[in-house]
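The next block holds one structure in the form of structure tokens; read it before the comments.
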Amino acid sequence: MPDEIKKEERSLNFLEEIIEEDLKSGKYKSIVTRFPPEPNGYLHIGHASAICLNFGLTQKYPGYTNLRFDDTNPVTEETEYVDSIKEDVHWLGFEWKNEHFASDYFDQLYAFALMLIEKGLAYVDDSTAEEMASLKGSPTEPGKDSKYRTRSIEENRELFVRMKEGEFPDGSRILRAKIDMAHINMLMRDPILYRIKHAHHHRTGDKWCIYPMYDFAHGQSDSIEKVTHSICTLEFVPHRELYDWLIEHLEIFPSHQYEFARRNINYTVTSKRKLLQLVTEKHVTGWDDPRMPTISGLRRRGYTPDSIRDFCDRIGVAKRENLVDVGLLEFCLREHLNKIALRRMVVFDPVKVIITNYTGVGETLQSENNPEDENGGIRDLTFSKEIYIERNDFMEVAPKKYFRLAPGQMVRLKSAYIIKCDEVVKDAEGNITELHCSYIPESKSGADTSDIKVKGTLHWVNAADAIELEVREYDRLFKVEDPSDEDGDFKEYINPDSLKIVKGFAEPSLKAAILADRFQFIRKGYYCLDKDSTGDKLVFNRTVTLKDSWVKDQKK
RNA sequence: UGACCCAUGGUGUAAUGGUAACACUACUGAUUUUGGUUCAGUCAUUUAAGGUUCGAAUCCUUAUGGGUCAACCA
């Protein structure tokens with residue numbers, strides 16, 4: 001009940017306000033949105049925000065969302081990207097109503113171009129790119145008309161058809177709208193509609209040698225699909241005037257464009273160009289490198305779709321520039337993982353503990369899989385005279401509020417017994433090689449009658465059957481909050497320590513791990529199996545550490 | 001030296017002319033067989049200056065700051 005009240009009280013973002021107004025006024029009975037990626041790269045966390053926005057709106061209001069690939073530039077687009085994009089949208093948990101490609105509309109778009117020519121609103125220009133640029137003017141100076149601007153409708157039609165027939169080489173001619181070379185908006189100065197590219201298209205093959213520009217494809221595709229709310233990022237604001245102009249003069253369904261500020265996250269980059277560079281120049285192992293902000297990278301790292309959706313929901317949507325703290329993403333991650341991750345014990349930098357008064361051959365103990373989940377069940381743990389604990393869980397000279405193991409100090413071994421450190425054994429160089437401890441037999445977890453209270457609880461593994469793991473510890477990819485905003489090349493700011501490979505010694509149950517599992521290595525962090533694992537070598541990715549207020553205190 | 005968009009705590013979003021709210025972060029403290037989790041608490045006169053109004057984060061003006069626009073990219 002309180003949740004419902006909360007939901008209703010939650011205020012609308014500016015797009016929801018527009019939509020509610022449109023629905024209330026009867027302008028639309030239901031809405032149509034679309035997610036329109038260009039298949040020339042992998043989706044990243046910024047796209048996730050756009051996906052959640054577009055799909056979220058049609059989950060909240062009547063209507064549906066299409067997936068449409070904006071594939072109008074054959075030289076950069078590939079089927080590999082189409083496949084990855086579809087996989088990522090699905091993985092995030094969204095289902096599109098229709099799958100479209102702008103290239104499906106090439107015949108229609110061609111007809112639209114002809115229509116504009118017939119209306120005297122488009123012409124073929126033979127100018128070179130340099131000539132066009134020099135006539136374009138600048139934001140403060142008007143442009144000048146091209147000498148081809150006054151061609152007759154017949155001549156324009158004939159030339160455009162011949163462009164399509166492949167009679168002219170790349171770059172020799174373009175089709176442009178006839179609007180106003182002195183327009184205050186540079187995009188309205190006779191924008192290019194079609195260019196010649198004798199290139200193989202990933203879907204239409206060699207059928208076409210002319211391809212529409214973004215401005216002559218996007219809005220028209222929206223209109224063909226009867227998209228009611230075409231949502232894009234702020235840099236397209238100046239395009240809206242052209243978007244509307246084309247729809248008006250083509251006399252087609254009036255889709256409307258609305259713009260929001262793209263979400264930026266600190267300590268990473270989300271420009272496709274830069275991400276591609278990281279991949280091709282091998283600064284990372286691939287698009288799905290767990291350090292990448294790509295959806296596939298986050299997936300491999302161990303992020304859950306739920307946590308990403310929660311994050312997108314929390315950061316909201318607005319029209320101002322922003323740089324969201326990656327800490328919020330990590331918070332959403334931890335919050336979800338805490339609820340679902342299976343607890344396991346893994347020791348990274350082991351030191352042997354010999355329990356001198358333990359006389360048995362060993363025993364089986366039980367531990368809960370997840371204290372946050374009543375139905376999480378329990379698992380068996382083997383315990384014996386020799387175990388490993390974390391080397392940094394012991395200090396010979398302990399500071400005041402040190403709750404871990406120290407000479408004469410007691411700690412609990414998680415799900416096992418309370419032990420006390422009696423003796424420190426060192427080698428010739430003074431390195432600690434063993435800790436001799438005694439245990440309290442009546443302090444067994446779940447059956448503790450010792451009445452001893454200890455402040456610290458340590459994770460441990462049984463020396464006899466611990467299994468070895470490779471663990472990849474990731475840190476932020478960049479050393480600075482906004483690499484794109486720094487002087488020089490963004491790659492100068494790559495964090496050289498973003499990957500550290502360490503060994504871990506784990507309880508045997510981890511042998512059964514599968515890719516989909518999420519684990520919390522107790523007192524360490526959240527981890528998942530990596531696809532690089534083989535039958536005899538287990539590789540784990542550290543998804544994110546646990547919050548650690550002890551380390552924080554130490555630094556002060 | 002033009003046009004357009006934007007400006008609320010460290011961060012991200014609310015407040016739709018009427019008590020500046022929520023979340024994250026940070027800091028206190030409590031609980032805890034994970035120094036995790038959980039719980040309680042603390043942290044802002046809304047970029048500036050004028051104006052309208054009984055009343056302004058909100059409306060108006062100017063200034064300042066940030067962003068965008070001159071690819072045959074999207």
Side-chain angles (χ1 to χ4, degrees), chain A residues 6 9-13 17 36-38 40 70-73 75-77 125 127-129 132-134 136-141 143 170-176 183-187 189 192-197 210-211 213-215 217-218 232 234-241 259 261 263 266 272-273 314-332 334-335 338-339 343 345 367-368 371-372 401-404 411-416 418 443 445-446 448 453-459 520-525 545-554:
Chain A
K6 231 188 222 167
E9 277 178 356
R10 192 174 157 170
S11 55
L12 304 175
N13 65 46
E17 277 180 19
E38 183 189 12
N40 68 346
D70 246 343
D71 56 349
T72 57
N73 185 4
V75 302
T76 58
E77 295 153 4
D125 196 323
S127 306
T128 63
M132 292 233 341
S134 72
K136 184 119 193 190
S138 78
T140 53
E141 304 162 89
D170 288 5
S172 60
R173 286 180 166 81
I174 46 97
L175 181 75
R176 57 198 302 199
H183 201 108
I184 200 74
N185 182 348
M186 299 284 291
L187 280 156
R189 320 247 258 226
I192 297 174
L193 267 21
Y194 262 96
R195 76 286 215 193
I196 302 172
K197 269 182 198 281
I210 55 171
Y211 292 93
M213 295 287 288
Y214 166 85
D215 286 305
H218 199 103
C232 62
L234 243 32
E235 66 266 30
F236 290 96
V237 168
H239 292 252
R240 189 176 60 231
E241 196 170 11
E259 311 86 10
R263 323 310 318 214
N266 58 9
K272 279 196 202 170
R273 203 197 92 246
R314 282 171 190 264
I315 59 180
V317 55
K319 298 185 80 160
R320 61 175 141 157
E321 296 295 320
N322 59 78
L323 186 61
V324 183
D325 193 336
V326 68
L328 181 60
L329 214 208
E330 293 177 343
F331 166 81
C332 296
R334 289 191 183 103
E335 189 172 61
N338 179 47
K339 289 195 196 106
R343 311 295 136 119
M345 292 200 280
S367 189
E368 71 276 19
E372 306 294 318
K401 282 170 84 183
Y402 189 76
F403 304 150
R404 306 178 186 183
V411 295
R412 171 170 293 281
L413 295 173
K414 172 72 182 169
S415 297
I418 291 173
S443 68
S445 277
D448 188 348
K453 293 274 177 277
V454 293
K455 289 289 272 183
T457 299
L458 307 185
H459 62 283
Q520 183 197 103
F521 294 175
I522 290 178
R523 301 209 305 137
K524 285 293 175 182
T545 61
L546 246 32
K547 271 172 60 178
D548 192 340
S549 51
W550 171 245
V551 167
K552 226 169 6 190
D553 283 354
Q554 293 300 288

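So you know, we letter chains A, B, ... as the sequences are listed, proteins then strands, and number each from 1. This is a predicted model, so every value here is computed, not measured.
Between the side chain of R523(A) and the base of U34(B), no donor-acceptor pair under 3.5 Å is found. One cannot find a donor-acceptor pair under 3.5 Å joining the base of A3(B) and the side-chain atoms of H183(A). In terms of polar N and O atoms assigned as donor or acceptor, the side chain of E321(A) never comes within less than 3.5 Å of the base of G12(B) in a complementary pairing.
Both I315(A) and D125(A) lie close to RNA chain B; mapped to their nearest nucleotides by heavy-atom distance, the more 5′-ward contact belongs to I315(A). Remark on RNA chain B: of its neighbouring residues E38(A) and L546(A), the 5'-side contact belongs to L546(A), judged by nearest-heavy-atom nucleotide.
In this entry the distance linking CG of N185(A) with P of C69(B) reads 12 Å, nearest Å. For the pair H459(A) NE2 and G36(B) C1', the interatomic distance rounds to 12 Å; values are reported in whole Å. What separates NZ of K319(A) from P of C4(B) is a distance of 14 Å, to the nearest Å. With rounding to whole Å, E330(A) atom CD is found 15 Å from G12(B) atom C1'.
Nearest nucleotide to the side chain of R412(A), out of U33(B), C24(B), G2(B): U33(B).
Nucleotides A70(B) and A57(B) place their C1' atoms 37 Å apart, quoted to the nearest Å. Separation of the P atoms belonging to C6(B) and U61(B) is 14 Å when rounded to the nearest angstrom. A distance of about 15 Å separates the C1' atoms of U13(B) and U25(B), rounded to the whole Å. G9(B) and A48(B) are spaced 10 Å apart, taking the P atom of each and rounding to whole Å. Taking atom P on both nucleotides, U33(B) is separated from U46(B) by 47 Å, rounded to a whole Å. With P as the reference atom, C24(B) and U31(B) are 22 Å apart, rounded to whole Å. Across the P atoms, A23(B) and C60(B) are found 32 Å apart, a figure rounded to whole Å.
Atom-to-atom distance recorded for T457(A):OG1 and I418(A):CD1 is 8.5 Å, nearest 0.5 angstrom. Going from atom CG of L458(A) over to atom NZ of K414(A) covers 12.0 Å, rounded to the nearest 0.5 Å. Between the CD atom in E372(A) and the CG atom in N338(A) there is a gap of 4.0 Å [rounded to 0.5 Å].
Ring orientation note: the planes of F236(A) and Y214(A) are tilted relative to one another, at an angle of 30° to 60°.
Legend: residues meeting side-chain contact (heavy atoms from CB on, under 4.5 Å) with L234(A), ordered by chain and number and at least two apart, are V237(A), E259(A), A261(A), K319(A), E321(A).
Within 4.0 Å (heavy atoms only), R404(A) reaches at least one base atom of the nucleic acid.
Using a 5.5 Å limit on the distance between ring centres and a 30° limit on the angle between planes, the aromatic ring of Y214(A) does not count as stacked on the six-membered base ring of A74(B).
Nearest approach of T72(A) to A217(A), heavy atoms of both residues: CG2-CB, 3.6 Å.
Helical stems in RNA chain B, defined as runs of 3 or more consecutive Watson-Crick or G-U wobble pairs with donor-acceptor distances under 3.5 Å: B:2-7 with B:64-69, B:10-13 with B:21-24, B:26-30 with B:38-42, B:47-51 with B:59-63.
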